[in-house]
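Here is the structure we will look at, set down as structure tokens.
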Amino acid sequence: MPAGRTRARVHGGDAALGHRHFAIEIRNSSTATCTLDGYPAVGFRDARGRAVAASVAPGRSFMDPDPGATPVTLAPDATALATIGWDAGAGSGDPTLARELVLRIDAGGRELSIPSGAFDVVQGTSVTVQAWHAAPATSG
């Protein structure tokens with residue numbers, strides 16, 4: 001993704017039988033086409049900015065199939081989605097509770113931090129990440 005030309009957010013949180021699911025959306029805010037390939041590189045940080053030692057691996061989750069890694073070409077202002085899933089973690093009193101998702105968006109290690117109070121990911125949580133896929137076009 002072009003430096004300084006990327007926006008990301010997490011949305012669509014859902015839960016079922018103790019499982020969690022969120023969508024990561026990334027938008028190409030540049031004037032040039034770009035390509036995403038494979039799986040998003042994600043991590044988590046706690047309220048003090050420390051990395052949460054969660055295990056993150058590609059593949060399907062309880063709630064989401066994995067479309068498999070294929071190149072996704074994004075025109076300017078186009079978006080791509082990937083989902084993350086995990087089993088429910090600890091409550092709000094756990095000091096390792098994640099407060100932000102960290103999305104590494106290029107080989108140079110550039111990161112986007114996405115704050116959220118909705119991640120009950122703690123040290124030792126196993127998180128699955130599904131491959132990037134083009135977001136459906138919206139009208140309006």
Side-chain angles (χ1 to χ4, degrees):
M1 299 294 289
R5 304 289 183 180
T6 308
R7 295 187 192 140
R9 68 184 183 124
V10 175
H11 63 87
D14 199 2
L17 302 171
H19 305 281
R20 304 289 190 257
H21 150 100
F22 283 86
I24 302 169
E25 177 184 280
I26 193 162
R27 177 176 304 276
N28 177 5
S29 300
S30 76
T31 57
T33 298
C34 67
T35 301
L36 295 171
D37 194 11
Y39 296 83
V42 300
F44 298 89
R45 289 193 186 118
D46 66 17
R48 298 173 89 183
R50 296 176 299 199
V52 173
S55 169
V56 179
R60 73 174 311 282
S61 72
F62 178 81
M63 298 176 71
D64 297 296
D66 182 10
T70 58
V72 177
T73 301
L74 295 178
D77 207 39
T79 58
L81 298 171
T83 55
I84 57 174
W86 64 91
D87 290 343
S92 61
D94 190 314
T96 68
L97 184 66
R99 294 292 183 201
E100 68 180 351
L101 178 132
V102 180
L103 178 62
R104 289 179 248 349
I105 58 172
D106 62 25
R110 195 165 56 96
E111 298 178 342
L112 292 174
S113 294
I114 306 167
S116 175
F119 303 128
D120 57 353
V121 172
V122 295
Q123 182 174 324
T125 301
S126 293
V127 178
T128 56
V129 180
Q130 288 75 51
W132 289 115
H133 60 278
T138 58
S139 59

Item to check | Atom of P76, atom of T33 and distance for their closest heavy-atom approach | outcome: CD-OG1, 4.0 Å
Checklist entry - What are the two closest non-hydrogen atoms of V127 and A54, and how far apart are they? => result CG2-CB, 4.4 Å
Checklist entry - Can you tell me how far the OG1 atom of T125 sits from the CG atom of D120, to the nearest 0.5 Å? => result 7.5 Å
Item to check | Single-linkage hydrophobic cluster, 4.5 Å side-chain cutoff, L103 and V56 together | outcome: yes
Next on the checklist: Would you compute the distance between atom CD1 of I24 and atom CD of Q130 and round it to the nearest 0.5 angstrom?
Outcome noted: 9.0 Å
Item to check | Whether H133 side chain and L81 backbone form a donor-acceptor pair below 3.5 Å | outcome: yes
Checklist outcome for this item: When every non-hydrogen atom of A69 is compared with those of Y39, the smallest separation belongs to CB-CE1, 3.7 Å
Next on the checklist: Tell me if a side-chain donor or acceptor on R27 pairs with a main-chain N or O of D77 at a distance below 3.5 Å.
Outcome noted: yes
Next on the checklist: Donor-acceptor check, side chain of D66 to backbone of A131, threshold 3.5 angstrom: yes or no?
Outcome noted: yes
Item to check | CG-CZ distance between L97 and R45, expressed to the nearest 0.5 angstrom | outcome: 15.5 Å
Checklist outcome for this item: Correct closest heavy-atom pair for E100 and S113 would be OE1-CB, 3.3 Å
Checklist outcome for this item: Here the gap from I26 atom CD1 to L74 atom CG, rounded to the nearest 0.5 Å, amounts to 8.0 Å
Checklist entry - Do R99 and D46 touch side chain to side chain, with heavy atoms closer than 4.5 Å? => result no
Checklist entry - Which distance, rounded to the nearest 0.5 Å, do you find between the CZ of R104 and the CG of L112? => result 11.0 Å
Checklist entry - So, for N28 and A75, which heavy atoms are closest and what is the spacing to 0.1 Å? => result ND2-O, 3.5 Å
Checklist entry - Between T70 and D37, which heavy-atom pair has the shortest distance, and what is it? => result C-OD1, 3.8 Å
Checklist entry - Is the W86 ring parallel, tilted or perpendicular to the F44 ring (thresholds 30°, 60°)? => result perpendicular
Checklist entry - In Å, rounded to the nearest 0.5 Å, how long is the span from CG of L101 to CD of E111? => result 10.5 Å
